[in-house]
Amino acid sequence: MIIAIDGPAASGKGTLGKKLAAHLNFRHLDTGLLYRAVAKAVLDAGGKPEDQQAAAAAARNFNPAWIDDPALRTDKIGSAASVVSAVPDVREALIDFQRKFAASPPGAVLDGRDIGTVIAPDAEVKIFVTAAPEERARRRCRELEGRGEKPEFEAVLADIKKRDERDANRAVAPFKAADDAHMLDTTELNADAAFAAAVALVEQVRRR
Ligand code: DC
């Protein structure tokens, strides 16, 4: 079984994907880490994320071990990832790894922006996680504060909106819900309630 979870930055899709995979004993892949790893490889080599050829070359050299780097979680890398992820050759180079991961037994949960639409259009369960931008910015601020940073709410909100727009308006694999995705708005839901709703969906599909 493949479970596709798509959603914008700080919507809670990552937490949900991890919990769901642990509950089902499935493997979990946060696909945002692939784009983050490519962005970091470009920056580490002294390049700019806007350099499409450098980004495509880094994606073709992608090494799965890269995604374990804790330094991928910063906002700077997140923004650079949003830029490199708009490059068609970057997306193309990363498809195979994601599809193989999705197909590996006993089952997989993948979260990202194009899982239900491009990577695994035949996924048995598709969940599209949303939340109001202001709530996502509050969550992001709490997360950054937890790491000892002092974020400014307005700056975090502006960054989230900019990323939403860039991800939704790119020419290749734009971020949008699959027609057959179940919508899960977590604006008013905590992580446990979102998890319970997702488990109910999975059970429903399994009974069929
Ligand atoms: O989910 P995240 O914040 O780690 O994602 C970082 C960027 O990577 C995001 O702005 C868009 C891109 N991304 C993508 O284009 N497709 C995916 N499946 C996952 C992430």
Side-chain angles (χ1 to χ4, degrees), residues 2-18 20-21 28-43 49-50 52 55-56 58-59 62 64 66-102 108-121 123 126-131 133 135-137 139-141 143-144 147 151 156-178 181 184 186 194:
I2 300 175
I3 301 181
I5 304 180
D6 289 301
S11 59
K13 64 182 187 306
T15 307
L16 178 62
K18 208 182 295 170
L20 212 46
H28 173 236
L29 181 64
D30 169 355
T31 63
L33 289 176
L34 276 60
Y35 298 94
R36 286 172 181 260
V38 168
K40 185 166 183 288
V42 172
L43 293 172
E50 290 77 15
Q52 302 203 357
F62 172 75
W66 292 355
I67 64 177
D68 296 324
D69 183 351
L72 297 181
R73 307 267 174 194
T74 65
D75 274 354
K76 180 177 167 223
I77 299 288
S79 293
S82 171
V83 175
V84 301
S85 70
V87 179
D89 286 347
V90 168
R91 306 201 69 85
E92 179 68 32
L94 298 174
I95 285 182
D96 236 32
F97 175 75
Q98 295 174 81
R99 292 211 172 127
K100 282 197 182 115
F101 188 99
V109 179
L110 282 81
D111 69 73
R113 301 289 190 295
D114 63 339
I115 309 304
T117 50
V118 175
I119 301 298
K126 296 184 189 178
I127 304 174
F128 193 83
V129 185
T130 59
E135 175 56 24
R136 290 190 277 131
R139 289 177 192 166
R140 192 81 191 105
C141 284
E143 190 188 328
L144 293 169
R147 283 198 235 141
V156 171
L157 178 60
D159 183 59
I160 277 186
K161 287 183 173 169
K162 195 166 142 195
R163 269 225 267 160
D164 283 358
E165 193 179 307
R166 197 191 288 125
D167 295 344
N169 291 317
R170 66 184 175 217
V172 180
F175 170 50
K176 64 173 177 12
L184 182 60
T186 67

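We're numbering straight along the sequence, starting at 1. In listed order, ligands and their atoms are each counted from 1.
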**OP:** Quick one: closest heavy-atom pair of Cys141 and Pro151, and the distance?
**Re:**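 Where Cys141 meets Pro151 most closely, the heavy atoms are O-CG, 3.6 Å.
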
Subject >> Least distance between heavy atoms, Ala37 atom then Phe62 atom >> reply: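 Ala37 and Phe62 have their closest heavy atoms at CB-CE1, 4.3 Å.
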
Of the protein's non-hydrogen atoms, which lies at the shortest distance from [atom], and what is that distance?
atom: atom 12 (C) of ligand 1; answer: Ser85 OG, 3.5 Å
atom: atom 16 (N) of ligand 1; answer: Arg91 NH2, 3.1 Å
atom: atom 8 (O) of ligand 1; answer: Tyr35 CB, 3.6 Å
atom: atom 1 (O) of ligand 1; answer: Arg113 NH1, 2.8 Å

Looking only at non-hydrogen atoms, which of [options] approaches [atom] most closely?
atom: atom 4 (O) of ligand 1; options: Arg140, Lys13, Arg36; answer: Arg36
atom: atom 19 (C) of ligand 1; options: Ile160, Asp30, Thr31; answer: Thr31
atom: atom 3 (O) of ligand 1; options: Gln98, Arg163, Lys162; answer: Arg163

Subject >> Heavy-atom gap Arg170 to ligand 1 smaller than 4.0 Å >> reply: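 A heavy atom of Arg170 does come that close to ligand 1.
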
Subject >> NZ/NE/NH1/NH2 to OD/OE distance under 4.0 Å, Glu135 and Arg139 >> reply: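 Salt bridge between Glu135 and Arg139, a charged N being under 4.0 Å from a carboxylate O: yes.
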
Original post:
Taking NZ, NE, NH1 and NH2 as the nitrogens, is one of them in Glu165 or Lys161 under 4.0 Å from a carboxylate oxygen of the other?
Top reply: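 Judged by the 4.0 Å cut-off on N to carboxylate O distance, Glu165 and Lys161 do not form a salt bridge.
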
Original post:
Can you tell me if Lys13 uses its side chain to pair, donor with acceptor, with the backbone of Asp111 under 3.5 Å?
Top reply: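 Absent.
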
**OP:** Kindly say whether Ile115 contributes a backbone atom to a donor-acceptor pair with the side chain of Asp6 at under 3.5 angstrom?
**Re:**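 Checked: pair present.
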
Subject >> Min N/O separation Asp167 to ligand 1 under 3.5 Å >> reply: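 Between Asp167 and ligand 1 (N or O atoms, distance only) the closest approach is under 3.5 Å.
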
**OP:** Say whether Asp114, considering both its backbone and side-chain N or O atoms, lies within less than 3.5 Å of an N or O atom on ligand 1.
**Re:**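 Yes, at least one N or O pair falls under 3.5 Å.
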
Original post:
Should you measure from each heavy atom of Gly32, which atoms of ligand 1 turn up under 4.0 Å away?
Top reply: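 By the 4.0 Å cutoff, the relevant atoms are 4 (O), 5 (O), 19 (C), 20 (C).
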
**OP:** For Arg73 and Ile77, run side-chain contact (heavy atoms from CB on, under 4.5 Å): C-alpha distance rounded to whole Å, both residues' side-chain angles, the deciding distance at 0.1 Å, then the answer.
**Re:** CA-CA 7 Å; Arg73 307 267 174 194; Ile77 299 288; over 6 Å; no

Subject >> Test log, rule side-chain contact (heavy atoms from CB on, under 4.5 Å), inputs Asp75 and Arg140 >> reply: CA-CA 10 Å; Asp75 274 354; Arg140 192 81 191 105; 2.4 Å; yes

